Amino acid sequence: MARELPYIAAIGEAVHQEMERDPSVLYIGQNIATHDDDPFLKAFGSDRVRVTPISETAEIGMAVGAAIAGYRPVVQLYMAEFMLVAMDQVVNEANRFHYMSAGQVRVPIVLQAGYGFTAGWAGQHTGTIYGMFLGVPGLKVAVPSTPADAKGLMTASIRDDNPVVFFHHYLLTLEHGDVPEGEHVLPLGQANVVREGSDVTIVAIGYMVGQALQAAEQLAGESVSAEVIDPRTLAPLDLATILASVEKTGRLVVADQSTRHGSAAAVIAAEVASEGFSSLKGPVQLVCALDATIPYSEPMEQYLLPDAAKIVSAVLDAPVPA
């Protein structure tokens, strides 16, 4: 059975259900359990639900230590940029211990981080920075685009024995969608073909999946059949699904709200060029944010960011050899 839930509530439901299922799951953060009526605090008590000091280095460091000691902490970071304060713990400690201990130590930690708050918040807290965490050995990266996927990927992230950075887009926070009741797990590394098509493959990440679906509808009016793929996770990346689609369509557009030169789109394009070059009928098109800080001005913000119209232009204006 499924019922409609907001995106952010689906994430919370996954955490709550996993805490009910597994007593080793902890929930910590700077803005949780701040009053006695907090639902997590009432359900699980202050030993498992903890408000932390205003120090990302401290809260992530504590979580890494707890994970090594046998717990499964979920750290509610709110803003992805807050991780930048504690990058050593994220990319040089949590992800290294399993390898450096010859497999004796596990670090099952989830770093829940909001990104892309592009609603007049200007330069900080508006970035799409998951590209910084790609290619970091031992670290997994999840980027759900729907409430159902958010629940399924959070559940899988908590159960995974590796550190996972779980990025959720702020503009999706109150977006509603059907979410399965009870246990719902989506394997990390399994892409979703959201819409089938035959003329062009559009790989879209996170928030851009909705924009890609809008673009596909517009392209259908131009007699262009677009296949839309949501990778769901960037590490591991389901390259096989993307390559199979490109083999069918011969064309690839990648939509990513990251800046072009710090994007997952650039990595996906490189992988397809390397592993599926013979399938391509023309150059891979990237639809990304411009390489600039997000401005406060709404018209400038819109100019900077990718959207459905820019995806349509990338498909229709791309050179295709005869």
Side-chain angles (χ1 to χ4, degrees), residues 7 80-81 114-134 141 143-146 149 167-173 175 191-192 194-195 197 199-220 222 224 226-232 234 237 242 245-246 249 251-272 282-319:
Y7 180 91
E81 285 87 351
Y115 76 99
F117 205 163
T118 50
W121 276 59
Q124 296 181 322
H125 311 317
T126 53
T128 299
I129 62 171
Y130 39 67
M132 292 184 181
F133 301 91
L134 301 184
V141 179
V143 191
S145 67
T146 68
D149 284 4
F167 287 93
H168 59 95
H169 199 289
Y170 265 106
L171 298 189
L172 294 175
T173 299
E175 291 293 318
N192 182 28
V194 185
R195 176 182 176 126
D199 296 326
V200 60
T201 298
I202 303 174
V203 175
I205 300 164
Y207 177 75
M208 294 307 298
V209 173
Q211 298 296 304
L213 289 171
Q214 291 180 36
E217 282 294 322
Q218 296 177 42
L219 288 165
E222 301 287 339
V224 177
E227 182 149 294
V228 178
I229 295 178
D230 177 1
R232 289 178 169 156
L234 299 174
L237 176 67
I242 297 171
S245 178
V246 173
T249 67
R251 299 179 62 195
L252 175 63
V253 173
V254 190
D256 184 350
Q257 199 172 315
S258 300
T259 54
R260 182 183 178 96
H261 293 98
S263 67
V267 175
I268 293 170
E271 290 284 6
V272 172
V284 177
Q285 301 294 308
L286 303 187
V287 182
C288 300
L290 302 181
D291 287 339
T293 297
I294 302 294
Y296 175 76
S297 163
E298 184 177 5
M300 291 179 66
E301 183 184 81
Q302 292 174 352
Y303 173 75
L304 205 71
L305 295 173
D307 57 22
K310 292 172 184 175
I311 296 172
V312 170
S313 295
V315 173
L316 298 181
D317 299 342

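Keep in mind that what you see is a predicted model, and the values were worked out from it rather than measured.
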Applying side-chain hydrogen bond (donor to acceptor under 3.5 Å, both in side chains) to His168 and not counting sequence neighbours gives none
The criterion is side-chain hydrogen bond (donor to acceptor under 3.5 Å, both in side chains); which residues satisfy it with Asp291, sequence neighbours excluded?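 Testing Asp291 for side-chain hydrogen bond (donor to acceptor under 3.5 Å, both in side chains), a comparison that skips the adjacent residues, returns His261.
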Partners of Tyr130 by ring pair (Phe, Tyr, Trp, His ring centres under 6.0 Å), sequence neighbours excluded?
->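 Counting only residues at least two positions away or on another chain, Tyr130 forms a ring pair (Phe, Tyr, Trp, His ring centres under 6.0 Å) with Tyr115, Phe167.
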Might you point out which heavy atoms bring [X] and [Y] nearest each other, and give the distance in Å?
X: Leu286; Y: Arg260; answer: CB-NH1, 3.5 Å
X: Leu171; Y: Gly116; answer: CG-O, 3.9 Å
X: Glu81; Y: Thr126; answer: OE2-N, 3.5 Å
X: Ala215; Y: Ala308; answer: CB-O, 3.7 Å
X: Thr259; Y: Leu290; answer: CG2-O, 3.3 Å
X: Ala314; Y: Val287; answer: CB-CG2, 3.6 Å

When Asp149, Val209, Thr128, Leu234 are each screened for side chain to side chain contact (heavy atoms under 4.5 Å, CB included) with Val143, the one that passes is Leu234
* Sole residue of Val267, Val254, Leu252 in side chain to side chain contact (heavy atoms under 4.5 Å, CB included) with Val272 ->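 The side chain to side chain contact (heavy atoms under 4.5 Å, CB included) with Val272 is passed solely by Leu252 among Val267, Val254, Leu252.
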Interatomic spacing from [atom1] in [X] to [atom2] in [Y] - rounded to 0.5 Å:
X: Arg232; Y: Leu237; atom1: CZ; atom2: CG; result: 13.5 Å
X: Ile311; Y: Gln218; atom1: CD1; atom2: CD; result: 9.5 Å
X: Gln285; Y: Lys310; atom1: CD; atom2: NZ; result: 15.0 Å
X: Leu305; Y: Ser258; atom1: CG; atom2: OG; result: 11.0 Å
X: Ile294; Y: Glu301; atom1: CD1; atom2: CD; result: 6.5 Å
X: Ser145; Y: Glu175; atom1: OG; atom2: CD; result: 11.0 Å

Given side chains that start at C-beta, do those of Tyr7 and Pro144 come closer than 4.5 Å, heavy atoms only?
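Tyr7 vs Pro144: side chains touch.
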Check: What residues, two or more places apart in sequence or in another chain, satisfy salt bridge (Lys or Arg N to Asp or Glu O under 4.0 Å) together with Asp230?
Finding: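 Partners of Asp230 under the salt bridge (Lys or Arg N to Asp or Glu O under 4.0 Å) test: none.
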Show your reasoning for whether side-chain contact (heavy atoms from CB on, under 4.5 Å) applies to Asp307 and Gln302.
-> CA-CA 8 Å; Asp307 57 22; Gln302 292 174 352; 5.9 Å; no
### Message
For a side-chain contact (heavy atoms from CB on, under 4.5 Å) check, start with the C-alpha distance between Gln211 and Gln257, then their side-chain angles and the critical distance, and finish with the verdict.
### Response
CA-CA 11 Å; Gln211 298 296 304; Gln257 199 172 315; over 6 Å; no
Inset, instruction - If a pair satisfies salt bridge (Lys or Arg N to Asp or Glu O under 4.0 Å) and one of its residues is in residues 204-218, list it, with sequence neighbours excluded. - result: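 Those involving residues 204-218 are Arg195-Glu217.
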Review item, side-chain donor-acceptor pairs of residues 200-207, under 3.5 Å, at least two apart:
residue: Thr201; atom: OG1; partner: Ser245; partner atom: O; Å: 3.4
residue: Thr201; atom: OG1; partner: Ser245; partner atom: OG; Å: 2.6
residue: Thr201; atom: OG1; partner: Thr249; partner atom: OG1; Å: 2.8

